[in-house]
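Note sheet for the following structure.
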Amino acid sequence: MQAAAHSLDAAMAQALELARRARLNCPPNPAVGCVLTSPSGEVLGEGFTQPVGQAHAEVMALRDAAAKGLTVAGSTAFVTLEPCSHHGRTGPCCDALISAGVKRVVASMQDPNPKVGGNGFARLRAAGVDVEVGQGALQARELNIGFFSRMVRGIPWVRMKAATSLDGRTALPNGTSQWITSPAAREDGHAWRARASAILTGIGTVLEDNPRLDVRHGGATRQPDLVIVDSRLETPLTARLWNAAARRILIYTASSDAARQQALVDLGAQVISLPEANGKVDLQAMLHDLGTREINELHVEAGYKLNGSLLRGKLVDELLLYQAPILLGEGAGIAALGPLTELAQGVKLEWVESSRVGADMRSVVRVAGHNHFLNQV
């Protein structure tokens, strides 16, 4: 039975909120929430996806009910994604629900992972469990847009972040950029970093700003990977990025300098050579490689050159823009798109949301057509 798209049970609303709580620490797994209710509607247990390798939402909800001394036989499980049916890092969640005696499952949507892809629902139905699908589907997809992108397209969801003046400048002509936006905007930016699987930057930013590019956000227990586009392997061996908390560092290059590669490897980096004919990194191939490395959301904080290359290559899905109430006149812009001769050549965007963050405005805009793959799930 298909649930009404506009109707959201209180238990499903809570399951979605639990999934949001999982988002910072569960990648590469999807963020899932689960609420178990009795036939009379009493909440018996609830849970959300734990860090990778640990329990999924359904198992956490079952454990929560058990810890309270409550039986879940005959209960309903409200879950924001199809219970998994395969042995991955943990066992199948559909089997755990069946064994516990759950009699009804209300799920937001089918898992796009081909290892699941409806098999969890089939196993539940075969065991006599009633299954309803559709409630909260739009919210569940947005919560896991990176996971869905990787499963359907084989590449991460690419979100480009920029902090600008009201007239779109990211730095003065002399390079000064710290700080255009407020501390509140910078703190909010760290929250967006924290939900990503990886942070991407270019060698220009590394050389000019010497950033750490890590997460300093209280709710996160996991550091996203750091990805550097460095065509000539110029990443300094003394850069601040090496001093951040433990994380995977991936350097994509077009260079074949073995000695330089080894020096970076000795510091803990993985160096991947993906050259194009022009001596630059093949950015499209890089995204596909990141997909194989279980990167769901790729958070871009780079300069106007790399930003321009990504946008011109149609490799950006979404922009996260912070605008300060100041006009700077001349200076660097968000992206080097090259001189356009027709308005139709511009990058078409669709508004997602805008809101105040401290003294600044935060806008999320999506590249037109880049979320159509969601219609496949």
Side-chain angles (χ1 to χ4, degrees), residues 158-165 167-194 196-217 220 223-255 260 263-264 267-269 271 280-281 283 286 297-311 316 319-324 326 328-337 357-358 360 362:
V158 179
R159 179 180 296 111
M160 178 179 290
K161 179 257 185 181
T164 77
S165 63
D167 50 351
R169 301 306 179 193
T170 59
L172 297 177
N174 64 8
T176 300
S177 62
Q178 297 181 349
W179 298 100
I180 293 174
T181 53
S182 65
R186 298 197 294 277
E187 182 178 351
D188 189 72
H190 272 270
W192 284 82
R193 277 187 188 180
S197 297
I199 299 168
L200 171 71
T201 196
I203 185 59
T205 298
V206 172
L207 294 175
E208 292 168 19
D209 298 340
N210 194 21
R212 283 170 51 182
L213 286 172
D214 58 353
V215 169
R216 298 180 291 281
H217 178 74
Q223 281 292 334
D225 297 341
L226 177 62
V227 181
I228 305 171
V229 177
D230 182 3
S231 296
R232 297 192 293 267
L233 289 182
E234 299 174 293
T235 301
L237 304 182
T238 56
R240 293 177 68 228
L241 62 88
W242 303 109
N243 299 325
R247 58 182 170 178
R248 183 169 61 170
I249 298 179
L250 306 171
I251 300 178
Y252 288 88
T253 188
S255 171
R260 187 65 181 168
L264 295 167
L267 284 176
V271 180
K280 301 291 186 181
V281 171
L283 297 176
M286 177 190 72
E297 290 187 11
L298 183 64
H299 180 91
V300 180
E301 293 196 28
Y304 67 95
K305 292 181 181 178
L306 179 54
N307 285 350
S309 295
L310 290 166
L311 284 165
V316 177
L319 280 78
L320 172 66
L321 303 176
Y322 296 89
Q323 289 183 297
I326 187 173
L328 296 179
E330 294 185 7
I334 294 173
L337 295 177
V357 178
D360 306 314
R362 181 192 67 203

Backbone of [Y] reached by a side-chain donor or acceptor of [X] within 3.5 Å:
{"X": "T253", "Y": "S231", "answer": "yes"}
{"X": "W242", "Y": "G268", "answer": "no"}
{"X": "N243", "Y": "R212", "answer": "no"}
{"X": "R216", "Y": "H190", "answer": "no"}
{"X": "R193", "Y": "D214", "answer": "yes"}
{"X": "Q323", "Y": "G168", "answer": "no"}

For residues [X] and [Y], determine if any side-chain heavy atom of one lies less than 4.5 Å from a side-chain heavy atom of the other.
{"X": "V300", "Y": "V316", "value": "no"}
{"X": "I180", "Y": "Y322", "value": "no"}
{"X": "P211", "Y": "T201", "value": "no"}
{"X": "L200", "Y": "V229", "value": "yes"}
{"X": "T181", "Y": "R186", "value": "yes"}
{"X": "M160", "Y": "L306", "value": "no"}
{"X": "L237", "Y": "R260", "value": "yes"}
{"X": "T205", "Y": "E301", "value": "no"}

Spacing of [atom1] belonging to [X] relative to [atom2] belonging to [Y], to within rounding of 0.5 Å:
{"X": "D167", "Y": "E330", "atom1": "CG", "atom2": "CD", "answer": "10.5 Å"}
{"X": "I249", "Y": "L264", "atom1": "CD1", "atom2": "CG", "answer": "9.5 Å"}
{"X": "L213", "Y": "Q223", "atom1": "CG", "atom2": "CD", "answer": "10.5 Å"}
{"X": "W192", "Y": "R159", "atom1": "CH2", "atom2": "CZ", "answer": "5.0 Å"}
{"X": "S197", "Y": "L298", "atom1": "OG", "atom2": "CG", "answer": "8.5 Å"}

Derivation of the side-chain contact (heavy atoms from CB on, under 4.5 Å) call for I334 and L321:
CA-CA 10 Å; I334 294 173; L321 303 176; 4.0 Å; yes

Among L226, I251, L241, which one satisfies side-chain contact (heavy atoms from CB on, under 4.5 Å) with V206?
L241

Which heavy atom in [X] sits nearest to a heavy atom in [Y], and how many Å separate them?
{"X": "A184", "Y": "V357", "value": "O-CG1, 3.5 Å"}
{"X": "A332", "Y": "Y304", "value": "CB-CD2, 4.4 Å"}
{"X": "D360", "Y": "A324", "value": "OD1-CA, 3.2 Å"}
{"X": "G175", "Y": "A171", "value": "O-CB, 3.9 Å"}
{"X": "T170", "Y": "G333", "value": "OG1-O, 3.2 Å"}
{"X": "G331", "Y": "R169", "value": "O-NH1, 3.3 Å"}

So with a 6.0 Å cut-off around CZ of R232, is the heavy-atom count from everything else above 12?
no

Any side-chain donor-acceptor pair under 3.5 Å between T235 and D230?
yes

